[in-house]
Novice: 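Got a structure for you, questions after.
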Amino acid sequence: MPGDEASPRSPQSPQAPLPPSAPLPPQTTRSPSDPQPALARAERFVWLTARVLEQRRFAFHFLGGDADPVDTALGSYLNPDGGYGHALDPDLRGPLSQPLHTAHALRVLDSLGRCAGQRIERLCRHLTGVSTAEGALPVVFPAPHDYPAAPYHPVHDDPPGELLTTGPVVGLLHRNRVWHAWLFRATDFCWDRVENLHRTHPYEVQSAVAFLDGVPDRARAATAADRLGRLVREQRLVVLDPRRRAEFPPAPGYAPGEQLFPHDFARRPESLARGWFTDEEMHRSLDFLAAAQQQDGGWPVRREAWAPGSSLERRPIATLEALLTLRAYGRLPAQVSRPGPVPPR
(Lines give C-alpha, C1' and ligand atoms only; values in the text may rest on other atoms or scores of the structure.)
Protein backbone atom coordinates (compact mmCIF):
# COMPACT_ATOMS: atom_id res chain seq x y z
CA MET A 1 0.00 0.00 0.00
CA PRO A 2 1.03 3.57 -0.32
CA GLY A 3 3.60 4.87 1.98
CA ASP A 4 4.82 1.33 2.87
CA GLU A 5 8.44 1.47 1.75
CA ALA A 6 11.70 2.63 3.38
CA SER A 7 13.77 5.22 1.61
CA PRO A 8 17.45 4.29 1.31
CA ARG A 9 18.35 7.92 0.56
CA SER A 10 17.47 9.02 4.08
CA PRO A 11 20.41 9.62 6.41
CA GLN A 12 21.10 6.87 8.87
CA SER A 13 20.63 8.44 12.29
CA PRO A 14 22.73 6.81 15.02
CA GLN A 15 20.49 4.97 17.42
CA ALA A 16 21.04 4.28 21.08
CA PRO A 17 21.32 0.58 21.92
CA LEU A 18 17.93 -0.98 22.28
CA PRO A 19 17.06 -2.91 25.42
CA PRO A 20 16.90 -6.69 25.06
CA SER A 21 13.46 -8.16 24.56
CA ALA A 22 12.06 -11.55 25.40
CA PRO A 23 12.70 -14.19 22.74
CA LEU A 24 10.11 -14.89 20.08
CA PRO A 25 8.30 -18.24 20.09
CA PRO A 26 10.47 -21.07 18.72
CA GLN A 27 8.42 -21.52 15.55
CA THR A 28 9.17 -17.97 14.37
CA THR A 29 12.75 -17.57 15.56
CA ARG A 30 15.26 -17.57 12.71
CA SER A 31 17.55 -14.57 13.13
CA PRO A 32 21.21 -15.55 12.78
CA SER A 33 23.85 -13.33 14.30
CA ASP A 34 25.28 -12.83 10.82
CA PRO A 35 22.69 -11.11 8.60
CA GLN A 36 24.46 -12.06 5.40
CA PRO A 37 22.72 -15.44 4.90
CA ALA A 38 19.35 -13.67 5.10
CA LEU A 39 20.40 -11.30 2.33
CA ALA A 40 21.78 -14.17 0.23
CA ARG A 41 18.52 -16.12 0.56
CA ALA A 42 16.56 -13.01 -0.39
CA GLU A 43 18.75 -12.47 -3.43
CA ARG A 44 18.06 -15.97 -4.71
CA PHE A 45 14.34 -15.46 -4.11
CA VAL A 46 14.40 -12.22 -6.12
CA TRP A 47 16.20 -13.77 -9.10
CA LEU A 48 13.77 -16.70 -9.09
CA THR A 49 10.48 -14.82 -8.73
CA ALA A 50 10.66 -11.04 -9.19
CA ARG A 51 9.75 -8.80 -12.09
CA VAL A 52 12.58 -7.07 -13.92
CA LEU A 53 11.87 -3.88 -11.97
CA GLU A 54 12.32 -5.54 -8.57
CA GLN A 55 15.39 -7.45 -9.78
CA ARG A 56 17.04 -4.20 -10.82
CA ARG A 57 15.98 -2.45 -7.64
CA PHE A 58 17.54 -5.22 -5.58
CA ALA A 59 20.77 -4.93 -7.59
CA PHE A 60 20.77 -1.15 -7.07
CA HIS A 61 20.13 -1.24 -3.33
CA PHE A 62 22.16 -4.28 -2.32
CA LEU A 63 24.62 -5.25 -5.06
CA GLY A 64 26.09 -1.93 -6.08
CA GLY A 65 24.08 -1.78 -9.31
CA ASP A 66 23.46 1.42 -11.25
CA ALA A 67 20.28 3.51 -11.09
CA ASP A 68 19.82 3.67 -14.87
CA PRO A 69 18.54 0.07 -15.28
CA VAL A 70 15.97 0.70 -12.54
CA ASP A 71 14.86 3.87 -14.29
CA THR A 72 14.61 2.04 -17.61
CA ALA A 73 12.51 -0.75 -16.10
CA LEU A 74 10.20 1.77 -14.43
CA GLY A 75 9.80 3.57 -17.75
CA SER A 76 8.03 0.56 -19.22
CA TYR A 77 5.07 1.34 -16.95
CA LEU A 78 4.83 4.99 -18.05
CA ASN A 79 1.84 6.01 -20.16
CA PRO A 80 1.58 8.82 -22.75
CA ASP A 81 -0.64 10.79 -20.34
CA GLY A 82 2.26 11.12 -17.87
CA GLY A 83 0.83 8.61 -15.39
CA TYR A 84 1.79 5.04 -14.66
CA GLY A 85 -0.15 1.84 -15.34
CA HIS A 86 0.33 -1.77 -16.47
CA ALA A 87 -0.03 -3.28 -12.97
CA LEU A 88 2.94 -1.41 -11.51
CA ASP A 89 1.00 -1.83 -8.26
CA PRO A 90 0.02 -5.50 -8.58
CA ASP A 91 -3.43 -4.91 -7.09
CA LEU A 92 -4.64 -3.09 -10.21
CA ARG A 93 -4.30 -4.90 -13.53
CA GLY A 94 -4.54 -3.43 -17.00
CA PRO A 95 -2.74 -0.58 -18.78
CA LEU A 96 -4.57 2.48 -17.42
CA SER A 97 -2.88 5.13 -15.30
CA GLN A 98 -4.04 4.91 -11.67
CA PRO A 99 -3.08 6.83 -8.49
CA LEU A 100 -1.78 3.70 -6.76
CA HIS A 101 0.66 3.22 -9.64
CA THR A 102 1.73 6.87 -9.35
CA ALA A 103 2.52 6.47 -5.65
CA HIS A 104 4.53 3.32 -6.38
CA ALA A 105 6.49 5.02 -9.16
CA LEU A 106 7.30 8.02 -6.95
CA ARG A 107 8.67 5.75 -4.22
CA VAL A 108 10.98 4.14 -6.75
CA LEU A 109 12.12 7.49 -8.16
CA ASP A 110 12.62 8.88 -4.66
CA SER A 111 14.88 5.95 -3.77
CA LEU A 112 16.97 6.72 -6.87
CA GLY A 113 17.17 10.43 -6.16
CA ARG A 114 15.41 11.11 -9.47
CA CYS A 115 12.08 12.54 -8.40
CA ALA A 116 12.47 15.73 -10.43
CA GLY A 117 12.58 17.12 -13.94
CA GLN A 118 10.23 17.05 -16.90
CA ARG A 119 8.92 13.59 -16.06
CA ILE A 120 7.58 14.89 -12.72
CA GLU A 121 6.21 18.03 -14.41
CA ARG A 122 4.23 15.84 -16.84
CA LEU A 123 3.09 13.66 -13.97
CA CYS A 124 1.78 16.69 -12.06
CA ARG A 125 -0.12 17.84 -15.15
CA HIS A 126 -1.65 14.38 -15.33
CA LEU A 127 -2.65 14.57 -11.65
CA THR A 128 -4.25 17.97 -12.24
CA GLY A 129 -6.44 16.48 -14.95
CA VAL A 130 -7.61 13.47 -12.96
CA SER A 131 -8.15 14.96 -9.49
CA THR A 132 -11.54 15.27 -7.85
CA ALA A 133 -13.27 18.62 -7.37
CA GLU A 134 -11.47 19.03 -4.02
CA GLY A 135 -8.08 18.51 -5.63
CA ALA A 136 -7.46 14.98 -4.33
CA LEU A 137 -6.89 11.56 -5.86
CA PRO A 138 -9.33 8.65 -5.63
CA VAL A 139 -8.10 5.14 -5.01
CA VAL A 140 -9.27 3.80 -8.38
CA PHE A 141 -10.53 5.65 -11.43
CA PRO A 142 -13.46 4.11 -13.28
CA ALA A 143 -12.41 2.74 -16.66
CA PRO A 144 -14.27 2.15 -19.91
CA HIS A 145 -13.00 -1.43 -19.80
CA ASP A 146 -13.48 -3.68 -16.81
CA TYR A 147 -9.84 -4.36 -15.99
CA PRO A 148 -9.36 -6.63 -12.96
CA ALA A 149 -8.74 -5.03 -9.57
CA ALA A 150 -8.37 -6.37 -6.04
CA PRO A 151 -11.76 -6.73 -4.33
CA TYR A 152 -10.62 -4.42 -1.53
CA HIS A 153 -10.27 -1.63 -4.13
CA PRO A 154 -13.86 -1.33 -5.40
CA VAL A 155 -14.49 0.79 -8.49
CA HIS A 156 -17.07 3.59 -8.19
CA ASP A 157 -18.60 5.67 -10.97
CA ASP A 158 -17.79 8.91 -9.15
CA PRO A 159 -15.03 8.03 -6.69
CA PRO A 160 -14.19 10.45 -3.85
CA GLY A 161 -10.74 11.75 -3.09
CA GLU A 162 -8.89 9.65 -0.52
CA LEU A 163 -6.00 10.26 1.85
CA LEU A 164 -4.95 6.67 1.10
CA THR A 165 -3.66 7.68 -2.34
CA THR A 166 -3.25 11.45 -2.10
CA GLY A 167 -1.11 11.44 1.06
CA PRO A 168 1.87 9.44 -0.26
CA VAL A 169 1.94 11.28 -3.59
CA VAL A 170 1.87 14.72 -1.95
CA GLY A 171 4.38 13.72 0.72
CA LEU A 172 6.91 12.38 -1.77
CA LEU A 173 6.62 15.40 -4.04
CA HIS A 174 7.18 17.74 -1.09
CA ARG A 175 10.05 15.61 0.17
CA ASN A 176 11.77 16.15 -3.17
CA ARG A 177 11.02 19.90 -3.19
CA VAL A 178 8.72 19.68 -6.18
CA TRP A 179 6.59 22.79 -6.65
CA HIS A 180 3.54 22.62 -8.87
CA ALA A 181 0.11 24.25 -8.77
CA TRP A 182 -1.53 20.85 -8.24
CA LEU A 183 0.11 20.56 -4.84
CA PHE A 184 -1.65 23.53 -3.24
CA ARG A 185 -5.16 22.10 -3.00
CA ALA A 186 -3.91 18.53 -2.65
CA THR A 187 -1.82 19.57 0.35
CA ASP A 188 -4.78 21.37 1.94
CA PHE A 189 -6.88 18.25 1.41
CA CYS A 190 -4.29 16.09 3.19
CA TRP A 191 -3.94 18.48 6.12
CA ASP A 192 -7.70 18.56 6.58
CA ARG A 193 -7.99 14.77 6.51
CA VAL A 194 -5.00 14.09 8.76
CA GLU A 195 -5.90 16.68 11.38
CA ASN A 196 -9.52 15.55 11.52
CA LEU A 197 -9.11 11.79 11.57
CA HIS A 198 -11.18 10.18 14.28
CA ARG A 199 -11.89 6.67 12.99
CA THR A 200 -9.31 5.27 10.62
CA HIS A 201 -7.55 2.07 9.59
CA PRO A 202 -3.87 1.03 9.39
CA TYR A 203 -3.26 1.64 5.69
CA GLU A 204 -4.79 5.10 5.89
CA VAL A 205 -2.45 5.81 8.82
CA GLN A 206 0.51 4.69 6.68
CA SER A 207 -0.56 7.20 4.04
CA ALA A 208 -0.88 9.93 6.64
CA VAL A 209 2.65 9.19 7.85
CA ALA A 210 3.95 9.37 4.27
CA PHE A 211 2.39 12.82 3.97
CA LEU A 212 3.66 14.06 7.34
CA ASP A 213 7.19 12.79 6.75
CA GLY A 214 7.48 14.86 3.57
CA VAL A 215 5.45 18.03 4.07
CA PRO A 216 7.51 21.24 4.59
CA ASP A 217 5.78 22.54 7.75
CA ARG A 218 7.69 20.36 10.20
CA ALA A 219 6.25 21.86 13.38
CA ARG A 220 2.68 21.33 12.20
CA ALA A 221 3.60 17.84 11.00
CA ALA A 222 5.06 16.92 14.39
CA THR A 223 1.90 18.08 16.17
CA ALA A 224 -0.34 16.13 13.79
CA ALA A 225 1.86 13.04 14.09
CA ASP A 226 1.72 13.15 17.90
CA ARG A 227 -2.09 13.21 17.81
CA LEU A 228 -2.18 10.44 15.18
CA GLY A 229 0.15 8.22 17.19
CA ARG A 230 -2.12 8.45 20.22
CA LEU A 231 -5.08 7.57 18.00
CA VAL A 232 -3.28 4.52 16.63
CA ARG A 233 -2.59 3.19 20.11
CA GLU A 234 -6.06 4.01 21.44
CA GLN A 235 -7.79 2.26 18.53
CA ARG A 236 -5.35 -0.70 18.67
CA LEU A 237 -4.38 -0.35 15.03
CA VAL A 238 -0.83 -1.62 15.63
CA VAL A 239 0.35 -4.89 17.13
CA LEU A 240 2.71 -3.69 19.85
CA ASP A 241 3.88 -7.17 20.81
CA PRO A 242 3.99 -9.86 18.07
CA ARG A 243 3.69 -12.56 20.73
CA ARG A 244 0.21 -11.24 21.59
CA ARG A 245 -1.21 -10.83 18.10
CA ALA A 246 -4.56 -12.31 19.10
CA GLU A 247 -5.20 -9.25 21.26
CA PHE A 248 -5.05 -6.97 18.21
CA PRO A 249 -7.69 -8.15 15.71
CA PRO A 250 -7.37 -6.98 12.08
CA ALA A 251 -9.31 -3.88 11.06
CA PRO A 252 -12.77 -4.41 9.54
CA GLY A 253 -12.47 -5.60 5.95
CA TYR A 254 -8.89 -6.79 6.37
CA ALA A 255 -7.92 -10.42 5.80
CA PRO A 256 -7.21 -12.75 8.75
CA GLY A 257 -3.69 -12.04 9.94
CA GLU A 258 -3.53 -8.73 8.05
CA GLN A 259 -2.12 -6.78 10.98
CA LEU A 260 0.45 -3.98 11.02
CA PHE A 261 3.39 -3.62 13.41
CA PRO A 262 5.52 -0.67 14.52
CA HIS A 263 7.99 -1.19 11.66
CA ASP A 264 5.11 -0.93 9.16
CA PHE A 265 4.47 2.66 10.26
CA ALA A 266 8.03 3.77 11.07
CA ARG A 267 9.85 2.40 8.04
CA ARG A 268 12.85 4.61 8.82
CA PRO A 269 14.28 5.66 12.17
CA GLU A 270 13.80 9.34 11.28
CA SER A 271 10.09 8.92 10.50
CA LEU A 272 7.75 10.87 12.76
CA ALA A 273 6.02 7.58 13.50
CA ARG A 274 9.15 6.29 15.24
CA GLY A 275 8.24 8.46 18.22
CA TRP A 276 5.01 6.50 18.69
CA PHE A 277 6.85 3.43 19.97
CA THR A 278 9.26 2.64 22.77
CA ASP A 279 12.66 1.15 22.01
CA GLU A 280 11.46 -2.18 23.33
CA GLU A 281 8.38 -2.16 21.10
CA MET A 282 10.47 -1.30 18.06
CA HIS A 283 13.06 -3.94 18.93
CA ARG A 284 10.39 -6.64 19.16
CA SER A 285 8.84 -5.49 15.90
CA LEU A 286 12.15 -5.65 14.03
CA ASP A 287 12.90 -9.06 15.53
CA PHE A 288 9.54 -10.23 14.24
CA LEU A 289 10.21 -8.78 10.78
CA ALA A 290 13.62 -10.44 10.54
CA ALA A 291 12.20 -13.80 11.66
CA ALA A 292 9.37 -13.64 9.11
CA GLN A 293 11.70 -14.48 6.22
CA GLN A 294 10.49 -17.77 4.78
CA GLN A 295 12.45 -20.83 3.69
CA ASP A 296 12.55 -19.69 0.05
CA GLY A 297 14.19 -16.41 1.07
CA GLY A 298 11.16 -14.15 0.58
CA TRP A 299 8.84 -12.41 3.00
CA PRO A 300 5.11 -13.19 3.16
CA VAL A 301 2.25 -10.97 2.06
CA ARG A 302 -0.43 -10.70 4.72
CA ARG A 303 -3.22 -9.22 2.64
CA GLU A 304 -5.92 -11.19 0.84
CA ALA A 305 -4.69 -13.31 -2.07
CA TRP A 306 -7.10 -12.58 -4.91
CA ALA A 307 -5.23 -13.42 -8.14
CA PRO A 308 -2.19 -15.64 -8.83
CA GLY A 309 -0.26 -12.98 -10.75
CA SER A 310 -0.83 -10.31 -8.14
CA SER A 311 0.28 -12.59 -5.31
CA LEU A 312 3.43 -13.66 -7.15
CA GLU A 313 4.41 -10.07 -7.96
CA ARG A 314 3.63 -8.76 -4.49
CA ARG A 315 6.03 -10.99 -2.55
CA PRO A 316 9.28 -9.66 -4.09
CA ILE A 317 8.03 -6.13 -3.38
CA ALA A 318 7.34 -7.10 0.24
CA THR A 319 10.80 -8.68 0.40
CA LEU A 320 12.49 -5.50 -0.80
CA GLU A 321 10.50 -3.45 1.72
CA ALA A 322 11.52 -5.77 4.55
CA LEU A 323 15.20 -5.64 3.58
CA LEU A 324 15.22 -1.85 3.26
CA THR A 325 13.54 -1.44 6.65
CA LEU A 326 15.96 -3.83 8.33
CA ARG A 327 18.92 -2.01 6.80
CA ALA A 328 17.55 1.39 7.82
CA TYR A 329 17.61 0.19 11.44
CA GLY A 330 21.09 -1.31 11.18
CA ARG A 331 19.91 -4.93 10.94
CA LEU A 332 21.67 -5.44 7.58
CA PRO A 333 25.08 -4.23 6.38
CA ALA A 334 25.19 -0.61 5.27
CA GLN A 335 27.66 -1.48 2.50
CA VAL A 336 26.92 -3.74 -0.44
CA SER A 337 28.44 -7.17 -0.01
CA ARG A 338 29.96 -7.54 -3.45
CA PRO A 339 30.01 -5.83 -6.84
CA GLY A 340 26.80 -5.73 -8.78
CA PRO A 341 26.14 -7.51 -12.08
CA VAL A 342 28.32 -6.45 -14.99
CA PRO A 343 26.24 -4.62 -17.59
CA PRO A 344 26.20 -6.24 -21.06
CA ARG A 345 28.41 -4.70 -23.75
Novice: Quick one: are Thr72 and Arg56 in side-chain contact, heavy atoms under 4.5 Å?
Specialist: yes

Novice: State the NE2-CG distance between His101 and Asp89, to the nearest 0.5 angstrom.
Specialist: 6.5 Å

Novice: Transitively linked via ILVMFWY side-chain contacts under 4.5 Å: Phe62 with Trp47?
Specialist: yes

Novice: Does a side-chain N-to-carboxylate-O contact under 4.0 Å join Arg314 and Asp91?
Specialist: yes

Novice: Could you see if Phe189 belongs to whatever hydrophobic cluster contains Leu173? Use Ile, Leu, Val, Met, Phe, Trp, Tyr and a side-chain cutoff under 4.5 Å.
Specialist: no

Novice: Looking at every heavy atom in both Val239 and Pro262, which two are closest together, and how far apart are they?
Specialist: O-CD, 3.2 Å

Novice: Compare every heavy atom of Thr49 with every heavy atom of Pro316, then report the nearest pair and how far apart it is.
Specialist: CG-OG1, 3.5 Å

Novice: Would you say the side chain of Leu74 lies within less than 4.5 Å of the side chain of Leu88, judging by non-hydrogen atoms?
Specialist: yes

Novice: Is it true that a side-chain atom of Ser311 and a backbone atom of Pro308 form a donor plus acceptor pair closer than 3.5 Å?
Specialist: no

Novice: Holding to side chain to side chain donor-acceptor pair (under 3.5 Å), I want the full list of residues that pass it with Asp71, two or more places apart in sequence or in another chain.
Specialist: Arg114, Arg119

Novice: To the nearest 0.5 Å, what is the distance between CZ (Arg284) and CG (Leu289)?
Specialist: 15.0 Å

Novice: Just so I know, are the side chains of Cys115 and Leu106 near enough to count as touching, which here means a heavy-atom distance under 4.5 Å?
Specialist: yes

Novice: Taking the side chain as C-beta and beyond, is there a heavy-atom pair between Ser131 and Leu137 under 4.5 Å?
Specialist: yes

Novice: Do the side chains of Arg327 and His61 get nearer than 4.5 Å, heavy atoms only?
Specialist: yes

Novice: Hey, could you give me each pair passing ring-ring contact (aromatic ring centres under 6.0 Å, His included) that has a residue in residues 217-239? Not counting sequence neighbours.
Specialist: none

Novice: Side-chain heavy atoms under 4.5 angstrom apart, residues restricted to Ile, Leu, Val, Met, Phe, Trp, Tyr: same cluster for Leu92 and Leu312?
Specialist: no

Novice: Could you tell me whether the side chains of Thr325 and His263 share a donor-acceptor contact shorter than 3.5 Å?
Specialist: no

Novice: Any chance you could lay out the side chain to side chain contact (heavy atoms under 4.5 Å, CB included) test for Leu163 and Leu197, step after step, and finish with the verdict?
Specialist: CA-CA 10 Å; Leu163 180 63; Leu197 279 178; 4.2 Å; yes

Novice: Using every non-hydrogen atom in the two residues, find where Thr187 and His174 come nearest and quote the distance to one decimal.
Specialist: OG1-NE2, 2.8 Å

Novice: Just wondering, more than 12 heavy atoms not from Asp158 lying within 6.0 Å of its CG?
Specialist: no

Novice: Can Arg274 be said to sit on top of Tyr329's aromatic six-ring, NZ or CZ under 6.0 Å from centre and within 45° of the ring axis?
Specialist: no

Novice: Would the distance check show the side chain of Ser271 and the main-chain N or O of Arg267 forming a donor-acceptor pair, the cut-off being under 3.5 Å?
Specialist: no

Novice: Could you give the side-chain donor-acceptor pairs of residues 120-130 under 3.5 Å, partners two or more places apart or in another chain?
Specialist:
| residue | atom | partner | partner atom | Å |
| --- | --- | --- | --- | --- |
| Thr128 | OG1 | Cys124 | O | 2.9 |

Novice: Looking only at atom types and distance, does a side-chain atom of Gln206 sit under 3.5 Å from a main-chain N or O of Tyr203, one as donor and one as acceptor?
Specialist: no

Novice: With a 3.5 Å distance limit and no angle check, can you tell me whether Asn79 reaches the backbone of Pro95 through a side-chain donor-acceptor pair?
Specialist: yes

Novice: For Pro90, is there any backbone N or O sitting under 3.5 Å from a side-chain donor or acceptor partner on Ser310?
Specialist: yes

Novice: Would you indicate whether the side-chain heavy atoms of Pro159 and Pro142 approach each other to under 4.5 Å?
Specialist: yes

Novice: I'd like to know if Glu313 and Arg93 make a salt bridge, using a cut-off of under 4.0 Å between side-chain N and carboxylate O.
Specialist: yes

Novice: State, to 0.1 Å, how close Ile317 and His104 come at their nearest heavy-atom pair, and which atoms those are.
Specialist: CD1-CE1, 3.8 Å

Novice: Could you tell me whether Gln118 atom CD has more than 12 heavy atoms of other residues or ligands within 6.0 Å of it?
Specialist: no

Novice: I'd like to know whether Thr102 forms a side chain to side chain contact (heavy atoms under 4.5 Å, CB included) with Ser97, so could you lay out the CA-CA distance, the side-chain angles of the two residues, the decisive distance to 0.1 Å, and finally the verdict.
Specialist: CA-CA 8 Å; Thr102 294; Ser97 298; 6.0 Å; no

Novice: Taking all atoms of both residues into account, what is the closest heavy-atom pair of Val194 and Ala208, and its distance?
Specialist: CG2-CB, 3.9 Å

Novice: Which heavy atom in Leu212 sits nearest to a heavy atom in Leu272, and how many Å separate them?
Specialist: O-CD1, 3.7 Å

Novice: With distance as the sole test, does Ser207 use its side chain to make a donor-acceptor pair with the main-chain N or O of Thr165 at under 3.5 Å?
Specialist: no

Novice: Going from CG on Leu237 to CG on Asp264, what distance comes out if it is rounded to the nearest 0.5 angstrom?
Specialist: 12.5 Å

Novice: Take Phe261 and Arg245 through the test side chain to side chain contact (heavy atoms under 4.5 Å, CB included) and record every step on the way to the result.
Specialist: CA-CA 10 Å; Phe261 301 82; Arg245 294 178 65 179; 3.7 Å; yes

Novice: Verify the ring-centre separation between Trp299 and Phe45: is it less than 6.0 angstrom?
Specialist: no

Novice: Do Arg220's NZ or CZ and the ring of Trp191 fall within the cation-pi criteria of under 6.0 Å and 45°?
Specialist: yes

Novice: Would you say His180's side chain and Trp182's backbone share a donor-acceptor pair under 3.5 angstrom?
Specialist: yes

Novice: Does the pair Glu195/Arg227 count as a salt bridge with the N-to-O cut at 4.0 Å?
Specialist: no

Novice: Would a line drawn from the ring center of Tyr254 to the ring center of Tyr152 be shorter than 6.0 Å?
Specialist: no

Novice: Regarding Gln294 and Arg315, is there a side-chain donor-to-acceptor distance under 3.5 Å anywhere?
Specialist: yes

Novice: Is the closest basic N to carboxylate O distance between Arg331 and Asp287 below 4.0 Å?
Specialist: yes

Novice: Should Leu53 and Val301 be regarded as members of a common hydrophobic cluster, given that ILVMFWY residues are connected when their side-chain heavy atoms come within less than 4.5 Å of each other, either directly or indirectly?
Specialist: no

Novice: Kindly say whether Phe248 contributes a backbone atom to a donor-acceptor pair with the side chain of Gln259 at under 3.5 angstrom?
Specialist: yes

Novice: Under a 4.5 Å cut-off applied to non-hydrogen side-chain atoms, are Leu240 and Arg233 in contact?
Specialist: yes

Novice: Would you sort out whether Glu234 and Arg230 count as a salt bridge (Lys or Arg N to Asp or Glu O under 4.0 Å), showing the intermediate values?
Specialist: CA-CA 6 Å; Glu234 290 167 2; Arg230 293 196 302 271; 5.1 Å; no

Novice: How many angstroms lie between atom CG of Leu326 and atom CD of Gln293, to the nearest 0.5 angstrom?
Specialist: 9.0 Å

Novice: If I take atom CZ from residue Arg51 and atom CD from residue Glu54, how far apart are they, to the nearest 0.5 angstrom?
Specialist: 4.0 Å

Novice: What distance separates Arg57 CZ from Leu63 CG, expressed to the nearest 0.5 Å?
Specialist: 13.5 Å

Novice: Any sub-3.5 Å donor-acceptor pair from Gln235's side-chain atoms to Val232's backbone N or O?
Specialist: no

Novice: Would you check, one step at a time, whether the test side chain to side chain contact (heavy atoms under 4.5 Å, CB included) holds for Phe277 with Val238?
Specialist: CA-CA 10 Å; Phe277 310 110; Val238 57; 3.9 Å; yes

Novice: Please check: side-chain N/O of Asp226 versus main-chain N/O of Ala222, any donor-acceptor pairing under 3.5 Å?
Specialist: no

Novice: So that I can tick it off, tell me whether Arg175 and Asp213 are bridged by a salt bridge, with the cut-off set at under 4.0 angstrom between side-chain N and carboxylate O.
Specialist: no

Novice: Side-chain contact test, heavy atoms from C-beta onward, threshold under 4.5 Å: evaluate it for Met282 versus Asp279 and give yes or no.
Specialist: no

